[in-house]
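Atom set for the values below is all heavy atoms of this structure, side chains included, hydrogens, waters and symmetry mates excluded. To find a chain, count down the sequence lines: A is the first, B the second, and so on, and within it residues start at 1. Since the model is a prediction, treat every value here as computed from it, not as a measurement.
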Amino acid sequence: MKIATWNVNSLKVRLPQVLNWLATHQPDALCLQETKMEDAVFPLQDIEQAGYRAVFAGQKTYNGVAILSKLVAADPVIAIPGFDDPQKRVLAATIAGVRVVCLYVPNGQSVGSDKYQYKLAWLQATTAWLKAELAAHPKLVVVGDYNIAPADIDVHDPKTWEGQVLCSEAERAALQQLLAIGLQDGLRLVEPAAQIFTWWDYRMNAFKRKMGLRIDHILVSAAMAAAILRCSVDLEPRRHERPSDHAPVMAEFAG
DNA sequence: ATGGTAGAAACTCTA
């Protein structure tokens with residue numbers, strides 16, 4: 001089973017690239033973030049023509065998540081229970097017996113800002129929710145744009161980024177709290193020490209200059225960690241014309 | 001000393 005995640009930064013702009021990527025890689029599930037569209041205009045027909053189903057929770061202009069899958073996505077959840085949030089950032093569904101959770105963690109803007117406080121509160125609420133999801137579904141995979149680089153190895157220039165948003169201690173601690181419910185970093189299970197990035201700023205030729213961060217992750221429960229075969233970042237779409245600023249990440253599991 | 005770029009939408013905000 002192949003499960004992938006990709007922050008597309010507008011599904012309207014990136015739809016041809018997404019359809020292309022589905023055809024090439026044939027994931028069982030592809031989780032999207034920053035679709036930036038209301039449900040009424042979601043391109044369901046194009047996705048169905050490509051052989052996929054979709055569940056989605058979107059809004060105009062900002063945020064928005066979707067899960068594309070070959071098989072039915074059952075028991076969808078489109079909000080963090082008990083956490084009042086107008087922003088569409090979570091989607092969970094069960095696909096072929098695996099609980100797949102798609103997250104678009106708030107960016108946080110800058111350390112100490114209102115958006116940063118929201119990010120930390122959001123992560124706390126998400127951790128509590130996912131603890132319950134894990135108890136109900138031992139086969140759990142939590143993917144998405146976390147907007148957190150877990151460690152300095154995940155940052156092109158740790159000194160410049162030290163203490164900044166995406167790298168601050170409180171954000172990294174919040175990610176560790178989420179891992180502590182019983183999740184592991186899928187990429188690190190497969191690539192313990194390599195420097196691998198998933199996001200590069202559009203500005204200053206950051207991609208060409210390899211000025212990236214690893215902020216998109218595939219977290220897996222113990223049952224899924226035991227089955228993981230591969231996990232990698234696909235740089236090809238980031239080289240494409242009119243790319244998303246994020247690259248897709250994909251994991252493959254036995255069975 | 002603050003910009004650079006991209007997207008959506010609308011003359012600004014978010015990332």
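Take A:His156 and apply the side chain to side chain donor-acceptor pair (under 3.5 Å) test, not counting sequence neighbours, and it matches A:Trp161. Every residue was checked against the ring-ring contact (aromatic ring centres under 6.0 Å, His included) condition with A:Tyr104, not counting sequence neighbours, and none meets it. Residues that satisfy the side chain to side chain donor-acceptor pair (under 3.5 Å) test with A:Ser244, not counting sequence neighbours, are absent from this structure. Take A:Asp28 and apply the side chain to side chain donor-acceptor pair (under 3.5 Å) test, not counting sequence neighbours, and it matches no residue. Looking at residues two or more places apart in sequence or on another chain, you find no salt bridge (Lys or Arg N to Asp or Glu O under 4.0 Å) involving A:Asp157.
For the pair A:Met211 CE and B:dG4 P, the interatomic distance rounds to 15 Å; values are reported in whole Å. Atom CD in A:Glu241 sits roughly 12 Å away from atom P in B:dG7 (whole-Å rounding). A:Gln59 places its CD atom 14 Å from the P atom of B:dA8, with the value rounded to the nearest Å.
Separating the P atom of B:dA6 from that of B:dT2 is a span of 23 Å, rounded to the nearest Å. A gap of 16 Å separates the C1' atoms of B:dT14 and B:dG4, to the nearest Å. To the nearest whole angstrom, the two C1' atoms, one in B:dG3 and one in B:dA15, are 15 Å apart. Going from the P atom of B:dT5 to that of B:dA9 covers 22 Å, rounded to whole Å.
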Protein within reach of the bases, or only the backbone? For nucleotides 9-15 of chain B, mark each nucleotide 5' to 3' as B, S or -, using heavy atoms under 4.0 Å. S---BSB

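In terms of heavy atoms, A:Val155 sits closest to A:Arg172 at CG2-NH2, 3.9 Å.
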